[in-house]
Amino acid sequence: MDFKSVEKKWRDFWEKTKLSSFDKGNFDKKYYVLEMFSYPSGANLHLGHWYNYALSDSFARFKKMQGYNVFQPMGFDAFGLPAENYAIKTGIHPEDSTKQNIATMEVQLKNMGAMFDWDSELYTCSPEYYKWTQWLFLQLYKHGLAYQKQSPVNWCPSCNTVIANEQVVDGKCERCDTEIVRKNMTQWFLKITDYAEELIKGLDKLDWPEKTKTMQRNWIGRSEGGEVVFPIGDDKITVFTTRADTLMGVSYVVLAPEHPLVDSITTEDRKQDVAAYKLAASKASDIDRLSTVKEKTGVFTGAYCTHPITGKDIPVWIADYCLATYGTGAVMGVPAHDTRDYEFAKKFGLPITRVIRGKDCEGELPFTEHGIMVNSGSFDGLTTAEGKKAVLGFLSERGLGGVKVNYRLRDWSVSRQRYWGAPIPIIHCEHCGAVPVPEKDLPVRLPYDVNFTPDGQSPLKKCDEFMNTVCPKCGRPALRDPDTLDTFVCSSWYYLRYPDSKNAERPFDPAIINKMLPVDKYVGGAEHACMHLLYSRFITKALRDMGYLNFDEPFTSLVHQGLILGSDGEKMSKSKGNAVNADNIIDTYGSDALRLYLMFGFSFAEGGPWNDDGIKAISKFLDRVERAVDTAIANKGKDSNAAQAKELAYALNYCIKKVREDMETFSFNTAVARIMELVNVMYRCAESGDAYFDTCETLIRIMAPLVPHFAEELHERMGFKPSVFSYPYPVVDESKLVKDEVEIAVQINSKMRTKIIVPTSLDGDELTKFVLADGKVSPLLEGCSVKKVICIKGRLVNIII
RNA sequence: GCCCAAGUGGCGGAAUGGCAGACGCAAAGGACUUAAAAUCCUUCGGAGGAAACUCCGUGCCGGUUCGAGUCCGGCCUUGGGCACCA
């Protein structure tokens, strides 16, 4: 088949007949299939795009043939760091390079032959889109979900700029090799933590991979415990603990080096050591700081706080194993019952007091299991569970603590000191403070002529034209916020924009999206498990609470695609020279062959190494199907061979049943295997006249979503009116799958001995009798007494002797 | 380091706790052909055996079970994430 002209022919046909457009007047059987939109990076689509988009498209076409009104939009996540870095390097403006990249990718995506609804396309970098990203930020602000606070950033003292984590290599700046320090800056945060509880609870009802849900649960990190207050002068140190029952064993308190109290409590003679330690800590990453193998470090502040129960003096230390971002940024040190505290106390010679013992024996220190309280005065004898309640109850009565649930989840930092993003729609006025830009003034446009070479300031800060404005409240001169929004903000709501993407009046029409959403099937990489996917859930819930939506979750069902590696098993990259060019493949084998190979050669969620022989084989398989179609045309009108017709009917219906199940779960590789099995049977039954033709007709419809151009062509060649996608997806006839006999395995003492054929109808005692009397089985049992027989219908019989 | 996965023939990969290796590639043999390609057919985890068949085998070590690739505990290796790459 001349796939080049065939593919062009059918793409034109689909475009003319509007195959991929969504019927906006009909939500009854809507099906919203969404693939994570892509970043317009390089020039060409790579195999990863094909793997995600083409295979999801096959799923979408499968849904369409099942009678769904399918909505499958496409767009670009167009703001971000790479375009800006590219601009710093080459001088090409991010807007220009991004637009160029988008134009290239659009052409290629259109040539993919996917059912994308191009009328709904969006780019996050267009003012028509980011206007509403800014609107979203303002709504969050108005509802108390956006606030400013000081927060550390990676700072390169040589480039004089903020550096992304990705650009920090071994604690040094990727560009100039200077050691990175952390520096506090005032930044905007979104209060995702307000939704921590609901974000955990909501996971239960989602059809998402279990591992993704587990990752989100752990990321949010709910832990039940309590707060304990250690007074210090007129101030107080509050710690969070999950082991209040060990409170009587506290021998020191540790503050994070960044804790706000550190400077005020440090005694004169300790100031130098503390300052040096703080500097060192500012250079270590959280990952290093939390390492459990690294030797513990810390310094004494010279200060003492008061134990809330005993009133004794407790030394206050700072140590980098305590993070400012977790809990209260302070921990109580109980060396006898916590591994890290134990190491710390050993190293610095702090007292280690046992206050918990095991139920049956004392237990070696550090004893981190639950047990019975000892050395704890009136609490002695209580179990860990009872002790936690009692201690926190005691503290609560005295205003020194109480029960508390803590989350590991932190608020979402959204300020970026960069150019290529959506400007934060806030005006800073000397008199009125941070004032939101009035909605009528949106979008706050990103200026084109900006110097974005790094020199210590946000690029926008150097653009007077942008910065200088008037305060919307008091009318006096004021400055705009010089930062842009994290691109994750742009991508946290794009799925809401698609169904009504040209709406100039509002971000979305609730009447439409309440019917279109949630997304029925969302497909994208697992690397987004804890960020994009969590942010989107948060934004959906926040908008719901503001009254803009009536659903709780954006993505009902989620599937991750794996990664396609180079044929050497390594990640594809230009520098490794193992990248496979999708264009060359399509040119040689056609886009349908590429799709089918990507389906067949990998487990969708796993991905794997590319193999040139694999696509050759698939290409040959398509030729084999084409020959079967020609055989079918030759067979038409001839009498059927009854035996072959029966075999074909069984094979066909088995195939329909399995392919339907497999397509539903994105098990494309096994779906294709079942189709190959059917084709193999057809080759054995090539002389069966009309039965062969009918089987082949159905085969082509089964295959249509997987190889759309190829199937349209053969479907037409067989004499059917296009489009094949206007036909319903084949339905299984269960009656053709009923068999009288089945082969089962016979085990003796759980070892495979033989296989026998038994009537399908037999079960339980009847089956046991049948098997024991079988001519092949009975000789194996001679002289043995049967103790027990385990029957698994249709599978095996295990005889225990 | 922490969280989450994965590890099955020469290779890609299949297997609701129930016949390990479906389907395919590669390889070998055969048919067709002057020949090659294409196509069609057969074999194809390892060891032993003429064969029937037997034994071993799903990263490693243990456990649960009549039965474990699958469940549990402990390791090893690889991959993803760790909050400013998206």
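Chain identifiers are assigned alphabetically (A, B, ...) following the order of the sequence lines, protein sequences preceding nucleic acid strands; residue numbering begins at 1 within each chain.
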Original post:
Taking atom types as modelled, is there a side-chain donor on E570(A) or N578(A) under 3.5 Å from an acceptor on the other?
Top reply: no
Original post:
Hey, does V153(A) reach any base, or is it just sugar-phosphate, or nothing, if we go heavy atoms under 4.0 Å?
Top reply: base
Sequence neighbours excluded and cut-off under 3.5 Å, please list the side-chain donor-acceptor pairs for residues 784-801 of chain A, or say none.
from: N798(A); atom 1: OD1; to: S750(A); atom 2: N; distance (Å): 2.9
from: N798(A); atom 1: ND2; to: S750(A); atom 2: OG; distance (Å): 3.2

Original post:
Expressed as a whole number of Å, how far does the C1' atom of rG21(B) sit from that of rG7(B)?
Top reply: 15 Å
**OP:** Inspect the contact between E210(A) and K213(A) and indicate whether a charged nitrogen and a carboxylate oxygen are less than 4.0 angstrom apart.
**Re:** yes
Please list each protein N or O that sits under 3.5 Å from an N or O in nucleotides 8-10 of chain B, with the distance.
none

**OP:** Indicate whether OP1 or OP2 belonging to rA14(B) is found under 4.0 Å from a side-chain N or O atom of S603(A).
**Re:** yes
Original post:
Under a 3.5 Å cut-off on both pairing distances, which runs of 3 or more consecutive Watson-Crick or G-U pairs involve RNA chain B?
Top reply: B:1-7 with B:76-82, B:10-12 with B:23-25, B:27-31 with B:39-43, B:45-48 with B:53-56, B:59-63 with B:71-75
Original post:
So does E687(A) have more than 12 non-hydrogen atoms from other groups sitting under 6.0 Å from CD?
Top reply: no
Subject >> Minimum-distance nucleotide (side-chain atoms of E743(A) versus rA86(B), rG18(B), rC19(B)) >> reply: rC19(B)
Subject >> Side-chain H-bond candidate by donor/acceptor type, Q150(A) with Q187(A), under 3.5 Å >> reply: no
**OP:** Quick one: label Q216(A) by what it contacts on the DNA or RNA (base, sugar-phosphate, nothing), any heavy atom closer than 4.0 Å.
**Re:** nothing
**OP:** Using a heavy-atom cut-off of under 4.0 Å over every strand shown, decide if T325(A) touches base, sugar-phosphate, or nothing.
**Re:** nothing
Below 3.5 Å, can you tabulate the donor-acceptor pairs from side chains in residues 666-674 of chain A to any protein atom, sequence neighbours excluded?
from: S667(A); atom 1: OG; to: T665(A); atom 2: OG1; distance (Å): 2.8
from: T670(A); atom 1: OG1; to: D662(A); atom 2: OD2; distance (Å): 3.0
from: T670(A); atom 1: OG1; to: S667(A); atom 2: O; distance (Å): 3.1
from: R674(A); atom 1: NE; to: E677(A); atom 2: OE1; distance (Å): 2.9
from: R674(A); atom 1: NH2; to: E677(A); atom 2: OE2; distance (Å): 3.2

Find every protein N or O atom lying less than 3.5 Å from an N or O atom of nucleotides 69-76 of chain B, and list the pairs.
none

Original post:
Reckon K211(A) touches a base, only the sugar-phosphate, or nothing at all at heavy-atom distances under 4.0 Å?
Top reply: sugar-phosphate
Original post:
So does K620(A) pair up with D623(A), basic N to acidic O under 4.0 Å?
Top reply: no
**OP:** Check every strand shown and say whether V162(A) touches a base, only sugar-phosphate, or nothing at a heavy-atom separation below 4.0 Å.
**Re:** base
**OP:** Look at the side-chain N and O atoms of K751(A) and state whether any lies under 4.0 Å from the OP1 or OP2 oxygen of rC56(B).
**Re:** yes
Original post:
Base, backbone or nothing for each nucleotide of nucleotides 38-47 of chain B, written B, S, -, heavy atoms under 4.0 angstrom, 5' to 3'?
Top reply: SSS-------
Original post:
Mind checking the C1' distance from rG17(B) to rC71(B)? Whole angstroms is fine.
Top reply: 8 Å
**OP:** With heavy atoms under 4.0 Å as the rule, sort G80(A) into base, sugar-phosphate or nothing.
**Re:** sugar-phosphate
Subject >> Modelled atom types, side-chain donor and acceptor of T212(A) and H560(A), under 3.5 Å >> reply: yes
Original post:
Does the ring centre of Y494(A) sit less than 6.0 Å away from the ring centre of Y129(A)?
Top reply: no
Original post:
Phosphate oxygens OP1/OP2 of rA86(B): is one of them under 4.0 Å from a side-chain N or O of T487(A)?
Top reply: yes
**OP:** On RNA chain B, check which nucleotide each of A164(A) and T670(A) is closest to and give me the residue with the more 5' one.
**Re:** T670(A)
Original post:
How would you list, by chain and number, every residue that makes a side chain to side chain contact (heavy atoms under 4.5 Å, CB included) with Y650(A), sequence neighbours excluded?
Top reply: Y654(A), L737(A), K739(A)
Original post:
Expressed in whole Å, how much space separates the P atoms belonging to rG46(B) and rU58(B)?
Top reply: 15 Å
Subject >> Among rC85(B), rC3(B), rA22(B), the nucleotide that comes nearest once only the side chain of N218(A) is considered >> reply: rC3(B)
Subject >> Inter- and intrachain pairs under salt bridge (Lys or Arg N to Asp or Glu O under 4.0 Å), touching residues 593-603 of chain A, at least two apart >> reply: D57(A)-R595(A)
Between the protein and nucleotides 81-83 of chain B, which nitrogen or oxygen pairs are less than 3.5 angstrom apart?
from: rA83(B); atom 1: O5'; to: N165(A); atom 2: ND2; distance (Å): 3.3
from: rA83(B); atom 1: O2'; to: R410(A); atom 2: NH2; distance (Å): 3.4
from: rA83(B); atom 1: N6; to: R408(A); atom 2: O; distance (Å): 3.0
from: rA83(B); atom 1: N1; to: R410(A); atom 2: N; distance (Å): 3.0

Original post:
Under 4.0 Å between a side-chain N/O of N669(A) and OP1 or OP2 of rA14(B), yes or no?
Top reply: yes
**OP:** For N160(A), check side chain to side chain contact (heavy atoms under 4.5 Å, CB included) against everything at least two apart and list the hits.
**Re:** W155(A)
**OP:** Could you give the distance separating rC19(B) and rA37(B) at their P atoms, to the nearest angstrom?
**Re:** 40 Å
Subject >> Residue closer to the 5' end of RNA chain B, L81(A) versus G607(A) (nearest nucleotide) >> reply: G607(A)
**OP:** Provide the distance between the two P atoms, one in rG62(B) and one in rA51(B), to the nearest whole Å.
**Re:** 35 Å
Original post:
Taking the six-membered ring for Trp, is the centroid-to-centroid distance between F137(A) and W188(A) below 6.0 Å?
Top reply: yes
**OP:** Compare side-chain N and O positions of N611(A) against OP1 and OP2 of rG12(B) and report whether any pair is under 4.0 Å apart.
**Re:** no
Original post:
Is the number of heavy atoms from other residues, nucleotides or ligands within 6.0 Å of CG (D2(A)) greater than 12?
Top reply: yes
Original post:
Should the pair K172(A)-E179(A) be classified as a salt bridge under the 4.0 Å nitrogen-to-oxygen rule?
Top reply: no
Original post:
If the P atom of rA68(B) is compared with that of rC55(B), how far apart are they to the nearest Å?
Top reply: 16 Å
Original post:
Quick one, which residues of residues 791-801 of chain A touch RNA chain B with a heavy atom under 4.0 Å?
Top reply: I792(A), R795(A), L796(A), N798(A), I800(A)
Name the atoms and distances for all side-chain donor-acceptor pairs under 3.5 Å in residues 76-89 of chain A, with sequence neighbours left out.
from: E84(A); atom 1: OE1; to: Y419(A); atom 2: N; distance (Å): 3.1
from: E84(A); atom 1: OE1; to: W420(A); atom 2: N; distance (Å): 2.8
from: E84(A); atom 1: OE2; to: Y419(A); atom 2: N; distance (Å): 3.0

Subject >> rU70(B) versus rG57(B) - spacing of their P atoms, nearest Å >> reply: 14 Å
Original post:
So which nucleotide from rA86(B), rC23(B), rG13(B) ends up closest to the side chain of D486(A)?
Top reply: rA86(B)
Original post:
Would you say the base of rC66(B) and the side-chain of Q747(A) have a donor-acceptor pair closer than 3.5 Å?
Top reply: no
Original post:
Checking only heavy atoms, does the side chain of K755(A) share a donor-acceptor pair with the base of rC19(B) at less than 3.5 Å?
Top reply: yes
Original post:
What nucleotide among rA22(B), rC84(B), rC66(B) has an atom nearest to a side-chain atom of A673(A)?
Top reply: rA22(B)
Original post:
Can K191(A) and D411(A) be counted as an ion pair, charged N to O under 4.0 angstrom?
Top reply: no
Original post:
Between rU54(B) and R753(A), is there an OP1 or OP2 to side-chain N/O distance shorter than 4.0 Å?
Top reply: yes
**OP:** Scan A617(A) against the nucleic acid and name what it touches under 4.0 Å (heavy atoms): base, sugar-phosphate only, or nothing.
**Re:** sugar-phosphate
Subject >> Whole-Å C1' distance, rU43(B) and rU64(B) >> reply: 40 Å
**OP:** Could you check F555(A), Y535(A), Y522(A) and say which one makes a ring-ring contact (aromatic ring centres under 6.0 Å, His included) with Y495(A)?
**Re:** F555(A)
